[in-house]
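Counting from 1, the numbers follow the sequence of the chain as shown. Heavy atoms only: backbone and side chains are in, while hydrogens, waters and symmetry mates are out.
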Amino acid sequence: DLQRQLDRRGPLPEKFDRLSESLIRHALAEMELTPLDAAVFRNVARTIASLDGSPVVEARHMTEAINYRIRA
């Protein structure tokens, strides 16, 4: 079922709202992460936004992506 959703999602959003960018900068500073971690956060957030049907990555998408990393 998830694979079908991923296949139907279309292109990933390229734009990030200001708050989502602020969240990732804050997370990188607080969690002492690398630029590679930032790229992973952005890609996960883009996928979440796409599955949500959003043309822009919003703060809620970035928060969810960051939370996946914190729980791991």
Side-chain angles (χ1 to χ4, degrees):
D1 191 43
L2 179 60
Q3 187 60 49
R4 279 184 280 164
Q5 285 179 331
L6 291 171
D7 291 342
R8 288 191 312 237
R9 72 177 179 212
L12 294 176
E14 295 293 327
K15 294 184 179 185
F16 293 79
D17 70 7
R18 288 184 190 170
L19 187 52
S20 68
E21 284 295 336
S22 176
L23 282 171
I24 196 165
R25 283 193 303 274
H26 181 73
L28 290 173
E30 289 294 314
M31 299 166 64
E32 299 178 4
L33 302 174
T34 67
L36 180 58
D37 292 318
V40 170
F41 283 147
R42 285 186 177 96
N43 285 335
V44 171
R46 289 172 62 211
T47 300
I48 293 167
S50 178
L51 290 171
D52 195 32
S54 177
V56 176
V57 177
E58 300 171 2
R60 61 192 169 110
H61 303 126
M62 186 61 71
T63 300
E64 186 174 346
I66 292 168
N67 281 330
Y68 286 135
R69 172 66 160 83
I70 291 171
R71 286 187 228 153

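Distance check: Leu36 CG to Thr34 OG1 gives 5.0 Å after rounding to the nearest 0.5 Å. Distance OG1/Thr63 to CG/Leu19: 7.0 Å, rounded to 0.5 Å.
Taking the side-chain hydrogen bond (donor to acceptor under 3.5 Å, both in side chains) definition, one finds that Asp52 meets it with Arg60, His61, sequence neighbours left out. Every residue meeting the side-chain hydrogen bond (donor to acceptor under 3.5 Å, both in side chains) condition with Glu14, not counting sequence neighbours, appears here in chain and number order: Arg46. Residues passing the salt bridge (charged side-chain N to carboxylate O under 4.0 Å, His left out) test with Arg18, sequence neighbours excluded: none.
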Show which side-chain atoms of residues 21-28 pair as donor or acceptor with protein atoms under 3.5 Å away, not counting sequence neighbours.
residue: Glu21; atom: OE1; partner: Arg42; partner atom: NH2; Å: 3.0

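The minimum heavy-atom distance between Ser20 and Met62, with the atom names listed, is O-CG, 3.6 Å. Across Phe41 and Ile66, no two heavy atoms sit closer than the pair CE2-CA, 3.7 Å. Considering every non-hydrogen atom in both Pro13 and Ser54, the closest pair reads CG-O, 3.4 Å. Counting all heavy atoms, side chain and backbone alike, Ala65 lies closest to Ile48 at N-CD1, 3.8 Å.
No path of Ile, Leu, Val, Met, Phe, Trp and Tyr side chains, each step under 4.5 Å between heavy atoms, connects Leu51 with Leu12, placing them in separate hydrophobic clusters.
Without hydrogens or angle criteria, Asn43 side chain to Val40 main chain gives no donor-acceptor distance under 3.5 Å.
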